[in-house]
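See below for the structure under consideration.
Because only heavy atoms are used, hydrogens play no part in the values below, and waters and symmetry mates are left out as well, while side chains stay in. Fair warning: this is a prediction, and the values are worked out from it, not measured in the lab. Here, residue 1 is the first one in the sequence, and each next residue gets the next number.
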Amino acid sequence: MDAATRTFAGPMIVVTGLVSVGWFVLAALSFGWLPHPAGLLLGIGGVLGGLITAWLALSMRVAHDEAGLHLPRLGHVPWERVHAVEVQPGLVSVPYVVVREGRALTDIPLDGLAWFGGPEGFAGGLAEQVAAAAGLPGVEVRAQRGGRGRRAA
């Protein structure tokens with residue numbers, strides 16, 4: 001990624017980062033205050049938990065540049081292949097990017113941009129930013145779909 005690469009980041013990334021810090025605190029307290037065999041094992045577990053959770057927090061960011069998005073499973077996706085940006089309503093609203101792959105449409109969740117509050121909340125605002133960067137008119141609310149796949153019109 002070059003200097004022109006920017007990221008979309010949401011509150012779930014912050015929450016995941018705080019969980020990572022909690023793992024490291026657990027590791028430090030275990031190394032310092034628990035007896036040797038148990039403290040060492042729990043401390044190593046805390047360090048591993050912290051590293052894995054920190055990696056997860058960093059992987060939830062959505063990098064983008066003038067040419068397109070960097071999405072999980074698909075890599076770099078040009079803006080022209082972005083068909084729509086949608087928000088899945090529920091207890092936690094999750095933005096999705098709908099990408100054209102030939103004649104099919106693939107839904108990619110942007111878990112790091114998810115948050116409480118419905119499609120009009122914080123997650124909807126972040127989805128609007130993604131839609132604006134893609135040059136799309138707006139964000140759609142996802143409907144429940146019966147089938148596994150869809151075809152582009």
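Follow the hydrophobic side-chain contacts under 4.5 Å out from Ile44 and you never reach Leu29; the two are in separate clusters. Residues Leu40 and Phe24 share a hydrophobic cluster, clusters being chains of Ile/Leu/Val/Met/Phe/Trp/Tyr side chains in contact below 4.5 Å. Under the 4.5 Å side-chain heavy-atom criterion for Ile, Leu, Val, Met, Phe, Trp and Tyr, Met12 and Val14 are members of distinct hydrophobic clusters. Tracing side-chain contacts under 4.5 Å through hydrophobic residues (I, L, V, M, F, W, Y), one reaches Phe31 starting from Leu48; they form part of the same cluster. With hydrophobic clusters built from ILVMFWY side chains whose heavy atoms lie under 4.5 angstrom apart, Leu18 does not share a cluster with Phe122.
Atoms CG and CZ, on Leu105 and Arg100 in that order, are 6.0 Å from each other to the nearest 0.5 Å. Summarising the geometry, atom CG belonging to Leu34 is positioned 8.5 Å from atom CG belonging to Leu26; distances are rounded to the nearest 0.5 Å. Of the inter-residue distances, the one linking Ser93 atom OG with Trp115 atom CH2 reads 11.5 Å to the nearest 0.5 angstrom. Within the model, atoms CG of Leu136 and CD of Glu128 stand 10.0 Å from one another, a figure rounded to the nearest 0.5 Å. Taking CD of Glu140 as the reference point, atom NE2 of His83 lies at 7.0 Å (rounded to 0.5 Å). Once rounded to the nearest 0.5 Å, the distance linking CG of Asp65 with NE2 of His70 reads 4.5 Å.
Here the closest non-hydrogen pair linking Val94 and Pro109 is CG1-CB, 4.2 Å. Of all heavy-atom pairs spanning Pro11 and Leu126, the tightest one is CD-CD1, 4.1 Å. Here the closest non-hydrogen pair linking Ala123 and Pro95 is O-CG, 3.7 Å. The shortest heavy-atom contact between Thr7 and Ala63 is CG2-CA, 4.0 Å. The shortest heavy-atom contact between Val139 and Ala131 is CG2-CB, 4.0 Å. The two residues Ser20 and Thr53 have their closest heavy-atom pair at N-CG2, 3.7 Å.
Using a 4.5 Å cut-off on side-chain heavy atoms (C-beta onward), Ile108 and Tyr96 make no contact. Here the side chains of Val98 and Val82 are not in contact, with every heavy-atom distance at 4.5 Å or above. Annotation: side chain of Phe116 is in contact with side chain of Leu91 (closest heavy-atom distance under 4.5 Å). Residues Val130 and Val62 are not in side-chain contact: their nearest non-hydrogen atoms beyond the backbone lie 4.5 Å or more apart. Arg61 is not listed as a side-chain neighbour of Arg6, based on a closest heavy-atom distance of 4.5 Å or more. Proximity of Val77 to Leu74: side-chain heavy atoms (C-beta onward) are separated by under 4.5 Å at one or more points. Side chains of Val47 and Ser30 form no contact here, defined as non-hydrogen atoms less than 4.5 Å apart. Under the 4.5 Å side-chain criterion, counting only non-hydrogen atoms from C-beta, Leu110 is not in contact with Met60.
Remark: Phe8 pairs with His64 by the ring pair (Phe, Tyr, Trp, His ring centres under 6.0 Å) rule, at least two apart or across chains. With sequence neighbours excluded, no residue forms a side-chain contact (heavy atoms from CB on, under 4.5 Å) with Ile52. The side-chain hydrogen bond (donor to acceptor under 3.5 Å, both in side chains) check on Glu80 picks up nothing, with sequence neighbours excluded.
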Side chain to side chain contact (heavy atoms under 4.5 Å, CB included) between Leu56 and Thr16, intermediate numbers included: CA-CA 7 Å; Leu56 178 64; Thr16 307; 4.1 Å; yes
